[in-house]
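Single-structure report; data block below.
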Amino acid sequence: MDLFASANQEAKQDAAPLALRMRPKTLAEFEAQHHIVGAGSLLRRAIEADRLQSIILYGPPGTGKTTLATIIANQTEAKFVSLNAVMAGVNDIKRVVEQAKNDLTYYGTKTILFIDEIHRFNKAQQDALLPFVEKGVVTLIGATTENPMFTVNKALLSRSRIFALEALPEESMERLLLRAVADGERGLGSYQAQVMPEAMQHIIQVANGDARSALNALELAVLTTAPDSDGVRRITLAVAEQAIQRRRINYTKGGDEHYDVISAFIKSIRGSDPQAAVYWLARMIYAGEDPEFIARRLMISAAEDVGLADPNAMTVAVSAAQALERLGLPEGRIPLAEATVYLALAPKSNSAYAALNQALEVVEKGLDQGVPTHLRDGSNGGNERLGLGRGYIYPHDYPGHWVAQEYLPKPLQGMRFYRPGSEGQEKEMAENWRRRSDVATEPVDESKDTKSTDPE
């Protein structure tokens, strides 16, 4: 036995962060995630029988992806190799695969390859891995915080099972922290720490299901608190607040949260909930989302969701985008907030958007037969001799600047794309339109040359 190596290993263990020291070593210690590793589950049976196939573990930070891989490493008879996608390249993959081939050929030993943050592998790196996963040279365990459906090679996905981990519930977080406080071997038991209930609750709430974040905050709180005269380190709420401080928002640009939060933001505006809309706006700003991206989505919402019910909504959204461009951050957040609240409070109508979609469907089916003769350009002499534009009635020559006339191609006459909403300004505009539409309309006789002052 190498005493120096043993001593070095113990020193490394003592110097490791609390979250690493308290990492569960067995499935019995593994908190939560019962939906994937609970008694009798498919993944648990595969791990216990050492019959694991390629898998991808997907979930927020601090939910146990790496821990689960470590447990598998402890229980399998296969060789376990770990790579981090941030630092590894194609050459590293080739080296591991070559060794795995030799181990399988000469010793009958399988290799499990764990790749942390696999979403950071580019296409070339994932393609280099694919044939060896397919042939069974290595069994892949990928870990990612990003949706693998968007970040992992489709061919690689088809050869792996995806298991989604969830943020740890508060009761699981509390058990983890209490275990860390009491554990004298791996945890903080030797420090005689006493964590006040309100301090414990604050750490749990701010960590938001991230066990690593909670354990790191607890360790910092204990190590920086001097013991009382009786030797007890009392962790108060004030100490806990200082230890965890600013909350780490689970938000990655271009990742799931980017799309999920902006979706929640727009849906809150559409649902006329200014409270929720401002919250999601704040979450994006706090996480460092591109404010111009937010401004663009506000303009889209003004057109798609508010629409003609309040045409001024587009003006407000565009003005907010322009103000942001001129002011920059942090002041540019204010017009974004103003536009957000305005759009949420505004009456809603998607009638113009729906009309366009329906018209696009008709165009795609090819139901039209070209532009009717009376609507064609007859302004140039050649076209006029061909009869183009003949029969057009110029609306400005009539009272109210309107006259009954057909503007759709004959196959589409009678179709209704636009169905007016009944909210806000659109209601009044629609009523005026309906009054005009009630006038009996005779088809235009395109053979007649109706005089027009229209420049077209």
Side-chain angles (χ1 to χ4, degrees), residues 18-20 22-48 52-72 85 114-120 140-152 157 160-180 200-218 244 247-264 267 276 279-280 283-284 286-287:
L18 177 64
L20 183 60
M22 291 301 300
R23 178 170 284 167
K25 296 181 179 179
T26 66
L27 287 173
E29 296 180 4
F30 196 70
E31 280 291 344
Q33 316 304 346
H34 302 299
H35 61 293
I36 61 171
V37 290
S41 66
L42 174 67
L43 182 55
R44 183 165 189 143
R45 295 200 311 271
I47 294 172
E48 291 175 341
L52 189 71
Q53 296 181 345
S54 292
I55 63 173
I56 293 178
L57 303 174
Y58 157 53
T63 53
K65 298 182 294 297
T66 304
T67 296
L68 188 54
T70 304
I71 291 173
I72 293 170
F114 173 60
I115 301 180
D116 198 10
E117 300 188 80
I118 192 172
H119 61 276
R120 294 184 180 273
L140 171 68
I141 301 179
T144 175
T145 57
E146 303 296 337
N147 190 333
M149 301 303 293
F150 300 109
T151 56
V152 177
L157 282 179
S160 310
R161 291 187 64 93
I162 300 174
F163 292 95
L165 285 76
E166 300 171 350
L168 271 64
E170 290 192 1
E171 56 269 22
S172 295
M173 296 279 283
E174 185 174 10
R175 284 194 296 270
L176 281 173
L177 295 182
L178 290 175
R179 191 183 306 154
M200 179 76 73
Q201 190 61 29
H202 178 74
I203 292 175
I204 291 171
Q205 288 181 345
V206 175
N208 195 33
D210 184 336
R212 185 186 301 110
S213 176
L215 288 167
N216 288 342
L218 175 65
I244 200 160
R247 176 180 175 179
R248 181 199 58 76
I249 290 288
N250 185 25
Y251 193 101
T252 305
K253 293 181 181 179
D256 292 346
E257 301 82 10
H258 167 82
Y259 297 105
D260 290 343
V261 174
I262 195 65
S263 175
K267 288 174 180 174
Y279 165 75
W280 294 117
R283 182 158 170 172
M284 288 187 288
Y286 186 96

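One is the number of the first residue; the rest follow in order along the sequence. Here the structure is a predicted model, which is why all the values come from computation and not from measurement.
Ala143 and Asp116 get closest at one heavy-atom pair: CB-OD1, 3.6 Å. Shortest non-hydrogen contact noted between Gly209 and Thr63 is O-CG2, 4.0 Å. Residues Ala19 and Arg212 share a closest heavy-atom pair of CB-CG, 3.9 Å. For the pair Phe30 and Val37, the tightest heavy-atom approach, listed with the atom from each and the gap, is CD2-CG2, 3.7 Å. Across every non-hydrogen atom of Leu178 and Met200, the tightest pair is CD2-CE, 3.6 Å. Listed here is the closest heavy atom pair of Thr67 and Pro24: CG2-CD, 3.5 Å.
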- Message: Could you go through Arg23 and Leu20, starting from their C-alpha distance and side-chain angles, then the distance that decides it, and tell me whether this counts as side chain to side chain contact (heavy atoms under 4.5 Å, CB included)?
- Response: CA-CA 5 Å; Arg23 178 170 284 167; Leu20 183 60; 3.3 Å; yes
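Between the CD1 atom of Ile72 and the CD atom of Glu48 there is a distance of 11.5 Å, given to the nearest 0.5 Å. Between the OG1 atom in Thr144 and the CD1 atom in Ile56 there is a gap of 8.0 Å [rounded to 0.5 Å]. We find the CD1-CD1 distance between Ile141 and Ile55 to be 4.5 Å, quoted to the nearest 0.5 Å. One finds the CZ atom of Arg161 at 8.5 Å from the CD atom of Gln53 (value rounded to the nearest 0.5 Å). Taking OG1 of Thr26 as the start and CD1 of Ile71 as the end, the distance is 6.5 Å to the nearest 0.5 Å. Taking CD1 from Ile204 and OG from Ser172, the interatomic distance works out to 10.0 Å, rounded to the nearest 0.5 Å.
Within the 4.5 Å cutoff, the side chain of Asp210 has heavy atoms near those of the Pro61 side chain. Leu52 has its side chain within reach of Leu43: a pair of non-hydrogen atoms, C-beta onward, lies under 4.5 Å apart. Met173 places none of its side-chain heavy atoms less than 4.5 Å from the side chain of Ile203. Residues Leu176 and Leu168 form a side-chain contact, since some pair of their non-hydrogen atoms from C-beta on lies under 4.5 Å apart. Put simply, the side chain of Glu146 does not reach to within 4.5 Å of the side chain of Arg120, judged on heavy atoms. By the 4.5 Å heavy-atom criterion applied to side chains, Thr70 and Phe114 are not counted as neighbours. Counting only heavy atoms from C-beta outward, the side chains of Asn147 and Thr151 never approach each other to under 4.5 Å. Looking at heavy atoms from C-beta onward, Leu68 lies out of side-chain contact with Gln33 at the 4.5 angstrom threshold.
A distance-only check finds no donor-acceptor pair linking the side chain of Lys65 to the backbone of Gly142 [under 3.5 Å]. For the pair Ser41 (side chain) and Ile36 (backbone), a donor-acceptor distance under 3.5 Å is present. Counting only distance, with no hydrogens or angles, the side chain of Ser54 and the backbone of Ser160 share no donor-acceptor pair below 3.5 Å. At least one donor-acceptor pair under 3.5 Å links the side chain of His35 to the backbone N or O of Ala164.
Residues forming a side-chain contact (heavy atoms from CB on, under 4.5 Å) with His34 (at least two apart in sequence, or on another chain): none.
Residues Lys25 and Glu29 are not paired through a salt bridge, judged by the lack of any N-O separation under 4.0 Å between the basic side chain and the carboxylate.
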